[in-house]
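Comments concern the structure below.
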Amino acid sequence: MVLLLVVATFVTIFLSIRRVYFRRHQRYYELLKQFPSPPTYPFIGNLKPSHFVSDDFLKTFEELLKSHDRLVYWIGPKPILLLKNFDDISTILHQNSDRNFFGLGNQWFGEGIVTNRYAEWKKSKKLLTPAFSSEMLFKYCDVFNRKSSALVQQLKSFAGSGEEIDIHEYVMNTNVEVILENVMGVSTEKSGKEVKGFGVALEHGIQDVLKRHVSPWLYPHIIYSTYLKLSGRMKFVETLKRLPEEVVKETIIKVNNDTCSTENVDSSKCVVDLLIKARHQDSCFTETRLRDELLQVISTGSETSALNVSFTLLMLAIHQDIQVCNSYRFHNTKNDCYIILQQKVYEEITQLVGEHEEFTSDHLFNHLKYLEQCIRETLRMFNPAASILRQTQKEHVLKDNTIVPADLSIGIVFHLAHRDTALYENPHKWNPENFSTQAIASRPKGSDLNFSIGPRSCIGTKYAILSNKSQIAQIIHNYHLSTSIKELKPEYLKMDISIRSKVGFPIRFTHRKKTRPENI
Ligand code: HEM
């Protein structure tokens, strides 16, 4: 009897609190009703084990948004509005809304420009922007070109062997090294710093943070920390933080000894120097914050950039027609035939630098336009930043007058927005002509979502394009690429935060100048 009374009391209290809560948030829940939602169950909402058991969310998003442009998805009691239509996305992204990680990535990535809320983000953005000025980017190109050249050398041992290798690990290490030198002023050759484990740790971090978002039982900090320790993932967290921590500590010591920046004479405005200077002006930039700011820039910049280089190389290897020159000029001998059958991308490169010249900053800045089209088209189809999260600060009115409630999580699925038939005639086909000047002009302004739009769009847009151009141009300049993959089918892709290839990036390299290209 007593037990029954206790239970009845608890149930009454629970229902009363619930009623008061819903009455207070009545408008919020009324507005949510405007959007379709799959059948919802108590406690779990729309969460189905099949949705998020694996590390692949692509099918889930495709299924959910198959017949809807907008959909509310409930993760337990928490709603997320999923969007894939350009007009809706544009309205939301042009507002000053925050990314909503709810601190769920803090153990991995701390707090910095990517995760901070508006007030702190503004400080980070102001601080970091000078590191991405045209003047600085021009200087970074020397590092891009030197590291790309080293990558070409690494591939030498595979070239001509007929063996396919998965290019991604090599590209990833190159991108981490490039960003370390440009952003942190640390030359891996001179400092002997080890970057190999960083890429793997980063991949684990990204996948884990996303998984935590859809696993409410992992939300409590203490449970997640225990999970990290017991699952052996803590070692990846440590690997990720080690490098930026060392660099911050070393730079502070150098500054204190007044010997800063002797390692890299051009680094006076590289990110780490800007951060260390800020430390003296604003006490919020503690050593930990500096480490985390660095970690977030390196993490955001290296994976995305590396994935796009790997995808572009694979697409060029698959699309021999893009590599093959449009016109036949000579037909006489086998040798002539080889000269004629050059890739379109390769022709653009050789017209610029000949067969043996070195690449310069000017080449990357002002030329290689067709290669840039290939890079941008690859981003459209396989954008590493496949989806992003936002949290509305206030109500927003969409183009058709639907009101989006304040304080709502928004999931923007770029991967699907990039396949909008209203924007791209044949969106499932890889076609660099989608990024010709005329094609861009024919689409609504700002509809290129590759680097996002609005106040929180990518700070490293130009950096990424230049760095991608350098690596791909140098590889294509030296090697002809081919692959056993005939088509990168949708089922070969998977998605965590990034789009990845389930079949890797298997590419066969053949020396350009000595042998006739294969598969032609
Ligand atoms: C192909 C390569 C890249 C792609 C596709 C990419 C894409 C993106 C996207 C979609 C966002 C999110 C914008 C939003 O939430 O609205 C972003 C943010 C960001 N990216 Fe990139 N990015 C790339 C390379 C880089 C590089 C190389 C760097 C730095 C060296 C970088 C640094 C950042 C930073 C710091 C942010 C946060 C900006 C902010 O909150 O103000 N990214 N990027």
Side-chain angles (χ1 to χ4, degrees), residues 83 89-90 92-101 105 109 111-133 136-137 140 143-144 171-172 174-184 202 206 270-272 274-275 292-312 372 374-391 410-415 417-418 446 448-472 497-499:
L83 299 178
I89 292 176
S90 175
I92 298 297
L93 288 182
H94 279 109
Q95 315 299 325
N96 274 330
S97 45
D98 287 326
R99 291 199 186 95
N100 56 350
F101 294 110
F109 298 103
E111 288 172 22
I113 181 166
V114 179
T115 51
N116 274 341
R117 289 184 171 256
Y118 188 72
E120 285 304 307
W121 162 77
K122 246 178 117 176
K123 286 186 193 170
S124 309
K125 182 98 171 186
K126 192 169 162 213
L127 189 66
L128 296 175
T129 300
F132 295 92
S133 67
M136 287 308 289
L137 290 169
Y140 295 157
V143 177
F144 295 151
V171 172
M172 182 67 196
T174 299
N175 278 276
V176 175
E177 285 185 17
V178 164
I179 219 161
L180 278 184
E181 188 153 345
N182 277 337
V183 169
M184 302 222 254
L202 183 56
I206 290 170
C270 79
V271 170
V272 76
L274 293 168
L275 289 172
D292 295 343
E293 291 281 5
L294 271 183
L295 176 58
Q296 294 199 0
V297 175
I298 308 164
S299 303
T300 323
S302 52
E303 250 254 311
T304 45
S305 211
L307 276 168
N308 200 50
V309 171
S310 298
F311 270 117
T312 309
E372 186 165 335
C374 296
I375 290 169
R376 288 187 182 274
E377 172 66 351
T378 308
L379 278 172
R380 180 188 73 79
M381 284 202 71
F382 313 105
N383 199 307
S387 66
I388 57 168
L389 283 170
R390 282 288 191 275
Q391 179 81 5
I410 313 265
I412 293 171
V413 191
F414 285 142
H415 184 77
H418 285 144
D448 177 354
L449 299 172
N450 280 336
F451 293 94
S452 188
I453 45 176
R456 292 203 78 160
S457 62
C458 180
I459 199 174
T461 301
K462 187 88 185 153
Y463 179 108
I465 293 287
L466 294 169
S467 152
N468 275 205
K469 264 181 163 179
S470 171
Q471 287 164 53
I472 299 164
I497 286 177
S498 300
I499 284 288

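For ligands, and for the atoms within them, numbers begin at 1 and follow the listed sequence.
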Smallest separation among heavy atoms of Leu127 and Pro130, with atom names
O-CD, 3.3 Å

For ligand 1, which atoms sit closer than 4.0 Å to a heavy atom of Leu379?
1 (C), 5 (C)

What about Ser305: any of its N or O atoms under 3.5 Å from an N or O on ligand 1?
no

Show me which atoms of ligand 1 lie under 4.0 Å from any heavy atom of Ile179.
30 (C)

Please state which protein non-hydrogen atom is closest to atom 13 (C) of ligand 1 and give its distance, to 0.1 Å?
Arg456 O, 3.0 Å

Which heavy atom of the protein is the closest neighbour of atom 38 (C) of ligand 1, given with residue, atom name and distance?
Ser457 O, 3.7 Å

Contact between Tyr140 and Leu466 at the side-chain level, heavy atoms closer than 4.5 Å - yes or no?
no

Ile453 and Leu449: which non-hydrogen atoms are nearest, and at how many Å?
CD1-CD2, 3.7 Å

Using distance alone, decide if ligand 1 has a nitrogen or oxygen within less than 3.5 Å of any nitrogen or oxygen in Trp121.
yes

Numbering the atoms of ligand 1 from 1, which are under 4.0 Å from a heavy atom of Phe132?
29 (C), 30 (C)

Which of the numbered atoms in ligand 1 are under 4.0 angstrom from any heavy atom belonging to Asn383?
5 (C)

Please state whether Arg390 comes within less than 4.0 angstrom of ligand 1, counting heavy atoms only.
yes

With heavy atoms under 4.0 Å as the rule, classify the contact between Lys125 and ligand 1 as side chain, backbone, both or neither.
side chain

Using a 4.0 Å cutoff against the non-hydrogen atoms of Ile388, which atoms of ligand 1 qualify?
14 (C), 15 (O), 16 (O)

I'd like to check His418 versus Asn450 (side-chain heavy atoms, cut-off strictly below 4.5 Å). Are they in contact?
yes

Who pairs with Gln95 by side chain to side chain donor-acceptor pair (under 3.5 Å), at least two apart in sequence or on another chain?
none

With sequence neighbours left out, write down each residue that passes side chain to side chain donor-acceptor pair (under 3.5 Å) with Ser470, or none if nothing qualifies.
Asn145, Ser148

By side chain to side chain donor-acceptor pair (under 3.5 Å) - contacts of Ser302 (at least two apart)
none

min-distance protein heavy atom vs atom 27 (C) of ligand 1 -> Tyr463 CD2, 3.4 Å

For atom 21 (Fe) of ligand 1, report each protein N, O or S atom nearer than 2.8 Å, sorted by chain and then by residue number.
Cys458 SG

Residue and atom name of the nearest protein heavy atom (relative to atom 40 (O) of ligand 1), distance in Å to one decimal:
Arg99 NH1, 2.9 Å

Quick one: are Glu293 and Leu128 in side-chain contact, heavy atoms under 4.5 Å?
yes

Check Pro455 against Trp121 and note the closest heavy-atom contact, atom names and distance.
O-CZ2, 3.4 Å

Looking at every heavy atom in both Gln296 and Val114, which two are closest together, and how far apart are they?
OE1-N, 2.9 Å

Do Met172 and Glu303 pass the side chain to side chain contact (heavy atoms under 4.5 Å, CB included) test, and can you show the C-alpha distance, the side-chain angles, and the key distance before you say yes or no?
CA-CA 7 Å; Met172 182 67 196; Glu303 250 254 311; 3.9 Å; yes

Answer yes if the ring centres of Phe144 and Tyr463 are under 6.0 angstrom apart, and no otherwise.
yes

